[in-house]
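Read the structure below first, then the notes.
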Amino acid sequence: MSEPARRLPPRASLSSGSDRVFRYLILALASVIVLVFVVSLYLLGVESWPALSRIGLEFFTQRTWNPVNGTFGAAAMIMGTLITSFAALIISVPLAIASALFVAEYAPRWLANPVGYLIELLAAIPSVVYGLWALFVIAPVLARWQVTFFNPEYPERLALYTKCAGIWANDQTTLQCFFVPSSGAGRGLALAIIILTVMILPYTASVARDVIRLVPADQREAMYALGATKWEVISRAILPYARAGIMGGVILALGRALGETLAVAMVIGDSQDVIKSLWGNASTMASVIANQFGDAQELLHRSSVVTLGFILFFVSVGVNLLARVLIQRLTPKGIQ
Amino acid sequence: MGGLILFATLLVVAPLILIFFYLLREGLGAINLDFFTKVPAPEGETGGGLLNAITGSLTMLAMASVFGVLIGISGGIFLAEYPRHPLMPTIRLVSDVLAGIPAIVMGLVAYGLIVLRFGFSGFAGALALGFLMIPIVVRTTEEVLKLVPQAVREAGLSLGLPQWLVTLRIVLPAAAGGIITGVMLALARVAGEAAPLLFTAFGNPNVNLDPSKPMSALPLEIYRGATSAYDENQRMAKAGALLLIVLIFVTSLLARRFSRRR
């Protein structure tokens, strides 16, 4: 210190001075978190503005996305994002809950821990590695399956395909034709759904496992004392009790699925046309960002792609908040 | 019912085993000295390695950690040690929300912040990765700091230490194991991210340690190789994927060991 202190302040306020400096420092550094959020919002907003102001609400409803003549309607890729995410969710939730029940309720301890750990490792595999595997391993299987479907031994299938090809060409969809395979290379909407299912499984599974483990022992013991079977205990006592937490996990997994990028971008076929078949090429908002942002030269194209990111930003924030609210609201108060 | 549940569990775990052995079969052959010491061969030629990607990944992860760990640990300290501060709920909420924002959107943000002004650079990539690390580090730091018994803090304060010294010299060291675990998990998570690097770090066929220039990374080379038409590039991608998941698995394993030993 340069000048000597005339009056020595009481010890408590001496330490509170340095405490205040430290608190401000920590607060300043922690505030960077909020800053990152605000700057993200601002940048995405500013860069989306040209597209949003010029195209308006049609951006969300128009079904043509054509950088060549400058038409940007995101309806097809919004549909692609919704279809892939919800389909993956519907397939993965029962599997995830079952595996959580296995780890938490059925497996002996020596098996439960390694299996739980393997499921965690599944979440650690990078998106791009999933994409590589889907491309080299699953796509050929699907392609072979599609060729088998069009085996000349089954002329009625060929006829069905020809009929659907006509419907597809006329830009209409019927539910039946949606499920008829195209004679493709295995890539497309279906493969994206398969790989997304695998990718979001570990998130739901580990949340569900944690919540199921939190169910108090009394819950089970009371049911067993009444003579319930294991499955009755699970379906009447454990699952209802864990419902809120599992819902939260499911919604967090939905958030993952909506924003999942590279694995989907690698396998979905990158077509911005209206989705006509489960087996056809499609795209999601995230896959379009990955595939087009680097090449987008014109302002409107570039801004339209950023707008997709802006939508994803809002959707993921909303989904996250929803998960929090659900976890708080659905917690069964009567049982506690 | 039990059989069905066992079957479902096998279905869940199967992809992990299938992916691992597929990469082992296809990629192990390409992992040799060249793989670690050479850059990729020109398209259509054989040979080469992924030195550019390995050095790029290490450089960007190191830079991302400086940013992500500093902000992340500070955020965790703030949430755990000043729970009654009026800004605490906001920072907690924003940190949680940030964890759910897709990596590619964070790439767009880093693009707007850095690339628009200074061009593609390793620094822009590292910033995007740092953004992604923050919420993971905040969460784990907060959780382990809360595990440090209140009595330990009180003991420090009763010795006459100011609160900040108690935090820095007593609470943080007591929680160091858990915090390191969190940092390792965050690193393992962002080490595999390619999406936010596509238009920030961009990729580089040569070894580059200058963060102001485009830089390659393992996930980027895997992406380029996997979508390439050339067998040799695909082979490199599989070898790179094998290296990447082995590194990630080992890091997760170590992090788990580390946190259990505490």
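The sequence lines fix the lettering, A, B, ..., with proteins before strands; numbering per chain opens at 1. These numbers were taken from a predicted model, which means no experiment stands behind them.
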Nearest 0.5 Å please: distance from the CG atom of B:Leu108 over to the CZ atom of A:Phe310. 11.5 Å
Select one option (side chain, backbone, both, neither) describing which atoms of B:Leu87 are under 4.5 Å from chain A's heavy atoms. side chain
Chain B heavy atoms under 4.5 Å from A:Glu105: which part of the residue, side chain, backbone, both or neither? neither
Please set out all donor-acceptor pairs under 3.5 angstrom arising from side-chain atoms of residues 191-204 of chain B, sequence neighbours excluded.
{"from": "B:Glu193", "atom 1": "OE2", "to": "B:Arg189", "atom 2": "NH1", "distance (Å)": "2.6"}
{"from": "B:Thr200", "atom 1": "OG1", "to": "B:Pro196", "atom 2": "O", "distance (Å)": "2.6"}
{"from": "B:Asn204", "atom 1": "OD1", "to": "B:Asn206", "atom 2": "N", "distance (Å)": "3.0"}
{"from": "B:Asn204", "atom 1": "ND2", "to": "B:Pro214", "atom 2": "O", "distance (Å)": "2.8"}

What is the minimum heavy-atom distance between A:Ala124 and B:Ser252, and which atoms define it? CB-OG, 4.3 Å
Please give me the minimum heavy-atom distance between B:Trp164 and A:Ser18, naming the atom from each residue. NE1-OG, 2.7 Å
So, taking the atom named CD1 in A:Ile97 and the one named CD1 in B:Ile5, what distance separates them when rounded to the nearest 0.5 Å? 10.0 Å
Heavy atoms, side chains only, cut-off 4.5 Å: are A:Phe136 and B:Lys238 in contact? yes
Option in B:Ser74, B:Gly75, B:Ala110 with maximal non-hydrogen atom pairs under 4.5 Å from chain A: B:Ser74
In terms of heavy-atom pairs under 4.5 Å, which option from B:Ile222, B:Leu113, B:Leu79, B:Ile19 contacts chain A the most? B:Ile19
Heavy-atom distance under 4.5 Å to chain A: side chain of B:Leu253, backbone, both or neither? both
Would you mind listing every ring pair (Phe, Tyr, Trp, His ring centres under 6.0 Å) that reaches into residues 81-108 of chain B, with sequence neighbours excluded? B:Phe78-B:His85
Could you state the interatomic distance from CG (B:Leu11) to OG1 (A:Thr197), rounded to the nearest 0.5 Å? 11.5 Å
Let's test your reading of the structure: which of A:Arg302, A:Glu120, A:Glu47 forms the most heavy-atom pairs below 4.5 Å with chain B? A:Arg302
With rounding to the nearest 0.5 angstrom, report the CG to CZ distance, B:Leu168 to A:Phe22. 4.0 Å
Residues of residues 240-249 of chain B with any heavy atom under 4.5 Å of a heavy atom in chain A: B:Ala241, B:Leu244, B:Ile245, B:Ile248, B:Phe249
Return the option, out of A:Leu121, A:Leu118, A:Leu95, with the maximum number of heavy-atom pairs under 4.5 Å with chain B. A:Leu121
Which region of B:Leu116, side chain (C-beta onward) or backbone (N, CA, C, O), has a non-hydrogen atom less than 4.5 Å from a non-hydrogen atom of chain A, or is it both or neither? side chain
Quick check on A:Leu122 against chain B: is it the side chain, the backbone, both or neither that has a heavy atom closer than 4.5 Å? both
Heavy-atom pairs under 4.5 Å with chain B, option from A:Ile289, A:Leu312, A:Val319 with the top count: A:Ile289
Ordered numerically, the heavy-atom neighbours of chain B under 4.5 Å found in residues 26-36 of chain A are A:Ile26, A:Leu27, A:Leu29, A:Ala30, A:Ser31, A:Val32, A:Ile33, A:Val34, A:Val36
Tell me whether the count of non-hydrogen atoms from other residues, nucleotides or ligands lying under 6.0 Å of OH in A:Tyr42 goes above 12. no
Between A:Phe37, A:Tyr130, A:Phe102, which has the largest tally of heavy atom pairs under 4.5 Å with chain B? A:Phe102
Contact part of B:Ile134 toward chain A, heavy-atom cut-off under 4.5 Å: side chain, backbone, both or neither? side chain
Tell me whether the count of non-hydrogen atoms from other residues, nucleotides or ligands lying under 6.0 Å of CH2 in A:Trp49 goes above 12. no
Rounded at 0.5 Å granularity, tell me how far CD in B:Gln163 sits from CZ in A:Arg23. 8.0 Å
For B:Val105 and A:Gly309 the tightest heavy-atom approach is CG2-O, 3.7 Å
Given the options B:Ile17, B:Leu18, B:Leu10, which has more heavy-atom pairs under 4.5 Å with chain A than any of the others? B:Leu18
Using non-hydrogen atoms and a 4.5 Å limit, figure out which bit of B:Met106 sits close to chain A: side chain, backbone, both or neither. side chain
Non-hydrogen atoms of chain B under 4.5 Å away: do they reach the side chain of A:Leu321, the backbone, both or neither? side chain
By a 4.5 Å heavy-atom criterion (distance strictly below it), what part of B:Thr251 contacts chain A: side chain, backbone, both, or neither? neither
Heavy-atom distance under 4.5 Å to chain B: side chain of A:Thr261, backbone, both or neither? side chain
Partner chain A: residue of B:Leu220, B:Thr90, B:Leu165, B:Leu93 with the largest heavy-atom pair count (under 4.5 Å): B:Leu93
What part of A:Asn291 gets within 4.5 angstrom of chain B, counting heavy atoms only: side chain, backbone, both, or neither? side chain
Of all of A:Asn320, A:Leu308, A:Val39, A:Leu25, which one pairs up most often with chain B through heavy atoms under 4.5 Å apart? A:Asn320
Ignoring hydrogens, what is the shortest heavy-atom contact between A:Leu43 and B:Gly112? Give both atom names and the distance. CD1-C, 4.0 Å
Cut-off 4.5 Å, heavy atoms of chain B, and the answer for A:Ile119 is side chain
Closest heavy-atom pair and its distance - A:Ser99, B:Thr9: CA-OG1, 3.4 Å
Tell me which of these, B:Phe20, B:Phe7, B:Tyr22, has more heavy-atom pairs under 4.5 Å with chain A than the rest. B:Tyr22
Determine whether A:Leu132 and B:Leu23 satisfy the following criterion, side-chain contact (heavy atoms from CB on, under 4.5 Å), listing intermediate values before the conclusion. CA-CA 10 Å; A:Leu132 181 148; B:Leu23 291 179; 3.9 Å; yes
CD1 (B:Ile104) and CE (A:Met285) are apart, to the nearest 0.5 Å, by 12.0 Å
Counting only heavy atoms closer than 4.5 Å, note whether A:Tyr106 contacts chain B via side chain, backbone, both or neither. side chain
Ignoring hydrogens, what is the shortest heavy-atom contact between B:Ala99 and A:Arg256? Give both atom names and the distance. O-NH2, 3.9 Å
In terms of heavy-atom pairs under 4.5 Å with chain B, the winner among A:Ser127, A:Gly294, A:Ala290 is A:Ala290
